[in-house]
Amino acid sequence: MSDPDILLIGHVTCDLLSADPQGGYRLGGAVSFAAVTSARLGRAPTVITRAAPSTDLSGLPAGAEVVVLPSPATTTFANVYTEQGRVQTCHARALPITSRDIDGRLRRPRAVLLGPLVGEIGPDVAGIFDDATLVAAAPQGWMRRWDDAGRVYGKRWDDAEEILPWLDAVVLSQEDIEHDLSRLEPIVERVPLVVVTESRDGCTLYRRPGTGAIVKTKIPPRPAHEVDPTGAGDVFAAAFMIRLEETGDPVQSARFANVTASFGVEHVGMAGIPGRATILAYMQEHLFVAT
């Protein structure tokens, strides 16, 4: 088999439709949203995940290669959105994913997105890929803790020092750093490209060209009528990584990702993730000047 095109690593999730853990769910998780995004952009996703055998994975693209590692449980979340932000509860966690779970053929993709949700991706994974691979991470799951009831809270990225040197790009949200920009400093110092998503305000790109000073660029949003924000950051991360791999232009890639994610939040779940033609048409009609 050939090397993968776009490799996506992390847990798929059962996103509960209500507060009842025994109620229905829809498929979620960074790799799920990223796989659908990749397919709608005309790329070929390969997913490495862990899940229980009974998990319904039909929401993944039909043409995706899906490697499901065994686990007695599937990571399960309940998400409630309030005026103060998201309240998230973790009801179950699948087993971890380590470098031993990723065979040699899967270590040479064009681009790989590490999308942990509950710290499941071991720190040994980021450094195993071919030098030509673009390695990106959406580190939200390395920046979470939870109490005995499963209520999810933020925390500092404890094993960042082991992972950051291997990354070409990091995408995270203001919520991931609890709106504390000082927590960006160790990331920006070690990773050439860092994007902070800012919900309705677009995103900010931090670049470290060569050994020079950090360049900060504000990327405006596409105004959207928000219906369901779940997965917006994952759609953004996948779109940014893919466009960066294609063009090498981080500013236009961030703009491309902003537009992609904004269409996605206008529908429930993954239904609104747009195709490439829709994104490029909007960008052509709404040119912008980076600031």
Side-chain angles (χ1 to χ4, degrees), residues 4-13 15 27-49 57 59-67 106 109-117 121 125-126 129 133-141 167-173 176 191 193-197 202-203 205 219 222 224 228-250 252-267 269-280 282-283:
D5 178 21
I6 302 299
L7 182 63
L8 309 166
I9 303 175
H11 285 171
V12 295
T13 64
D15 287 351
L27 187 69
V31 296
S32 300
F33 282 93
V36 173
T37 302
S38 301
R40 292 189 182 162
L41 294 178
R43 303 297 294 265
T46 296
V47 176
I48 300 177
T49 191
L57 300 178
L60 295 175
E65 178 184 358
V66 183
V67 179
L106 298 175
R110 294 183 180 179
V112 57
L113 178 64
L114 308 179
L117 299 176
I121 301 177
V125 171
F129 299 101
T133 297
L134 173 66
V135 182
Q140 59 181 333
L167 302 180
D168 299 304
V170 167
V171 177
L172 71 171
S173 71
D176 292 332
V191 181
L193 295 172
V194 177
V195 188
V196 179
T197 60
C203 67
L205 172 67
I219 313 294
R222 169 191 170 269
D228 181 6
T230 303
D234 308 319
V235 172
F236 182 104
F240 176 77
M241 177 187 73
I242 287 170
R243 196 61 175 161
L244 182 65
E245 188 271 331
E246 293 171 348
T247 68
D249 185 334
Q252 289 298 325
S253 298
R255 174 64 166 158
F256 183 91
N258 262 356
V259 174
T260 307
S262 72
F263 278 109
V265 302
E266 293 183 328
H267 296 78
M270 305 176 199
I273 300 173
R276 185 183 295 266
T278 299
I279 302 162
L280 294 179
Y282 180 88
M283 292 176 67

Report summary line: Heavy atoms of Gly29 and Thr13 approach each other most closely as N-OG1, 3.0 Å
Query raised in the report: Quick one: does Val112's side chain get under 4.5 Å of Leu134's, heavy atoms only?
Result: no
Query - Minimum heavy-atom distance Ser38-Leu8, with the two atoms named - result: OG-CD1, 4.2 Å
Report summary line: With sequence neighbours left out, the residues meeting side chain to side chain donor-acceptor pair (under 3.5 Å) with Asn258 are none
**Report entry** Those residues that, when tested against Arg43, pass salt bridge (charged side-chain N to carboxylate O under 4.0 Å, His left out) (two or more places apart)
**Finding:** Asp5, Glu245, Glu246
**Report entry** Interatomic distance, Thr37 atom OG1 to Asp234 atom CG [nearest 0.5 angstrom]
**Finding:** 8.5 Å
Query raised in the report: Roughly how far, to the nearest 0.5 Å, is the CD1 atom of Ile6 from the CG atom of Leu41?
Result: 9.0 Å
Requested in this report: Using salt bridge (charged side-chain N to carboxylate O under 4.0 Å, His left out) as the criterion, list what pairs up with Asp15, not counting sequence neighbours.
Outcome: none
Report summary line: Contacts of Glu266 meeting salt bridge (charged side-chain N to carboxylate O under 4.0 Å, His left out) (sequence neighbours excluded), chain-then-number -> Arg222
Report summary line: When rounded to the nearest 0.5 Å, the distance separating CE of Met283 from CZ of Arg243 is 6.5 Å
Requested in this report: Test side-chain contact (heavy atoms from CB on, under 4.5 Å) on Leu27 and Val12 and set out the steps.
Outcome: CA-CA 7 Å; Leu27 187 69; Val12 295; 4.0 Å; yes
Query raised in the report: Is any side-chain heavy atom of Ile273 less than 4.5 Å from a side-chain heavy atom of Phe263?
Result: no
Query - Residues in ring-ring contact (aromatic ring centres under 6.0 Å, His included) contact with Tyr282, at least two apart in sequence or another chain - result: His286
Query raised in the report: Going by the salt bridge (charged side-chain N to carboxylate O under 4.0 Å, His left out) test, which pairs reach into residues 29-39, not counting sequence neighbours?
Result: none
